[in-house]
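Working notes for the structure below.
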Amino acid sequence: MTGIPLGDLALNFGVSALAVLLFIAAVMAVAIRMNNHSIIDICWGPGFAVVAVVSYLTSIGSEGNDLRRLVVLALTVVWGMRLGLYIGFRNRGHGQDKRYTALLKHQQGPLVPFLIRKIYGLQGVLILVVSLPVQFAMYEFRALGVLGAIGIAVWTVGFVFESVGDYQLSRFKADPANSGMVMDHGLWAWTRHPNYFGDACVWVGLFILALGDPLALITIVSPIVMIKLLVSYSGKALLERGMRKSKGQAYDDYVARTSGFFPRPPRPARNHAS
């Protein structure tokens, strides 16, 4: 039998859904006015921060463990806001991402329903689904314990990989001498996607932090969906197709010696026949 107050959790989900709806609607309105739908990429992380804050406030007065609630709130907000700020600074002066420009060429019918179907509605649903561990954790009365410490440790590993990987890549791209070259230093020598690996660890960590009650096992859907997005859809697969086209043999060599996701020491460089 679960110790989570299911009625309170259902109310939390409803309030979070309303908050996400209003947040996404506001982002869409600004994006339409600016004619730049890349804004949704900037707001992806902050969307989770919105759910964390709403869930924390909604759960006030519940029997949820206060330390667990504070830790999950802090970790989610720190991750989400860092990601949003990084993408915002990275996108400055670059205009709309070509993915959205290509998508809008296939517009059918009125603009707003099209955008809801193809961009904003999906983003909102994903935020709600992936944030399930954050919502569950707010209503679990058990102390963090060893499992909670493991969750914090996994989150920390992920946050370090993601933030350090992003920093290393931004420094590499800022140097004109690296134009046209493949980033293969630092964490990028150990995995082709330290930021995506880190992102996955963050959500595995938050899932572990939600495991104060057996019912919370259903929130495993969160890291599964996030990892699937990172590896098969909008993340690794899409990025690597573009890198192979733009970098050619240099990227193929990088792929041959560097792990595609889980970090490991790089293989020896491959020699080409002269």
Side-chain angles (χ1 to χ4, degrees), residues 10 13-52 54 76 79-81 83-132 134-135 166 173 192-193 195-196 199-200 203 218-219 221-248 251 260-261:
F13 186 82
V15 175
S16 295
L18 178 60
V20 170
L21 174 63
L22 294 174
F23 178 73
I24 292 292
V27 172
M28 183 174 67
V30 172
I32 292 172
R33 185 175 182 83
M34 295 180 64
N35 194 28
N36 184 354
H37 296 284
S38 299
I39 292 173
I40 188 62
D41 295 336
I42 299 171
C43 295
W44 168 251
F48 291 96
V50 168
V51 173
V54 166
T76 307
W79 170 81
M81 298 310 296
L83 181 61
L85 288 170
Y86 169 74
I87 295 175
F89 280 112
R90 185 191 68 185
N91 289 0
R92 283 185 305 172
H94 291 289
Q96 180 167 268
D97 190 295
K98 60 184 179 181
R99 293 173 299 156
Y100 298 112
T101 302
L103 180 64
L104 288 168
K105 290 180 180 178
H106 301 286
Q107 177 187 340
Q108 296 178 347
L111 177 62
V112 170
F114 176 81
L115 292 174
I116 292 172
R117 291 196 310 273
K118 297 296 184 178
I119 303 175
Y120 297 95
L122 177 60
Q123 295 276 354
V125 170
L126 288 173
I127 289 172
L128 273 178
V129 171
V130 175
S131 68
L132 283 174
V134 176
Q135 299 182 54
D166 283 341
K173 288 183 173 181
R192 302 197 298 274
H193 304 283
N195 49 349
Y196 295 160
D199 209 342
W203 284 97
I218 66 174
T219 68
V221 67
S222 167
I224 289 174
V225 169
M226 181 61 86
I227 292 170
K228 191 68 175 175
L229 288 171
L230 293 169
V231 173
S232 302
Y233 293 107
S234 60
K236 178 178 181 289
L238 182 64
L239 178 62
E240 294 202 342
R241 284 198 297 270
M243 292 294 286
R244 280 192 163 92
K245 290 179 181 178
S246 64
K247 307 297 183 183
Y251 194 74
F261 196 72

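For the numbers below, each heavy atom of this structure counts, side chains included, while hydrogens, waters and symmetry mates do not. All residue numbers refer to positions in the sequence shown, counting from 1. Predicted, not measured: the structure shown is a model, and the values here were computed from it.
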Sequence neighbours excluded, which residues qualify as side chain to side chain donor-acceptor pair (under 3.5 Å) partners of Tyr86? none
d(Asn36 CG, His94 NE2) to nearest 0.5 Å is 11.5 Å
Test your reading of the model: is there a side-chain donor-acceptor pair from Ser222 to the backbone of Leu132, 3.5 Å cut-off? no
Those residues that, when tested against Thr101, pass side chain to side chain donor-acceptor pair (under 3.5 Å) (two or more places apart): Gln96
So OG of Ser38 and NZ of Lys98: to nearest 0.5 Å the spacing works out to 12.0 Å
Can you see which heavy atom on Pro46 is nearest to which on Gly84, and at what distance? CD-CA, 3.9 Å
With heavy-atom distances below 4.5 Å as the criterion, would you say the side chains of Phe48 and Leu83 are in contact? no
Show the nearest heavy-atom pair for residues Ala49 and Met81, with the distance to one decimal. CB-SD, 4.1 Å
I'd like to check Val134 versus Trp203 (side-chain heavy atoms, cut-off strictly below 4.5 Å). Are they in contact? yes
What side-chain donor-acceptor pairs closer than 3.5 Å can you find for residues 102-129, not counting sequence neighbours?
residue	atom	partner	partner atom	Å
Gln107	NE2	Gly109	O	3.1
Tyr120	OH	His37	ND1	2.6

Might you work through the side chain to side chain contact (heavy atoms under 4.5 Å, CB included) test for His193 and Leu239, ending with a clear yes or no? CA-CA 10 Å; His193 304 283; Leu239 178 62; 3.7 Å; yes
Once side chain to side chain donor-acceptor pair (under 3.5 Å) is applied, do any residues pair with Asp41, and if so which ones, sequence neighbours excluded? Arg99, Tyr100
Show every donor-acceptor pair shorter than 3.5 Å between a side-chain atom in residues 16-34 and any protein atom, with sequence neighbours excluded, or say none if there are none.
residue	atom	partner	partner atom	Å
Ser16	OG	Asn12	O	2.9
Ser16	OG	Asn12	ND2	3.3
Ser16	OG	Ser55	OG	3.4

Of all residues at least two apart in sequence or in a different chain, which pass the side chain to side chain contact (heavy atoms under 4.5 Å, CB included) check with Lys173? Leu169
Checking side chain to side chain contact (heavy atoms under 4.5 Å, CB included) for the pair Lys245/Tyr251: CA distance, chi angles, key distance, verdict? CA-CA 9 Å; Lys245 290 179 181 178; Tyr251 194 74; over 6 Å; no
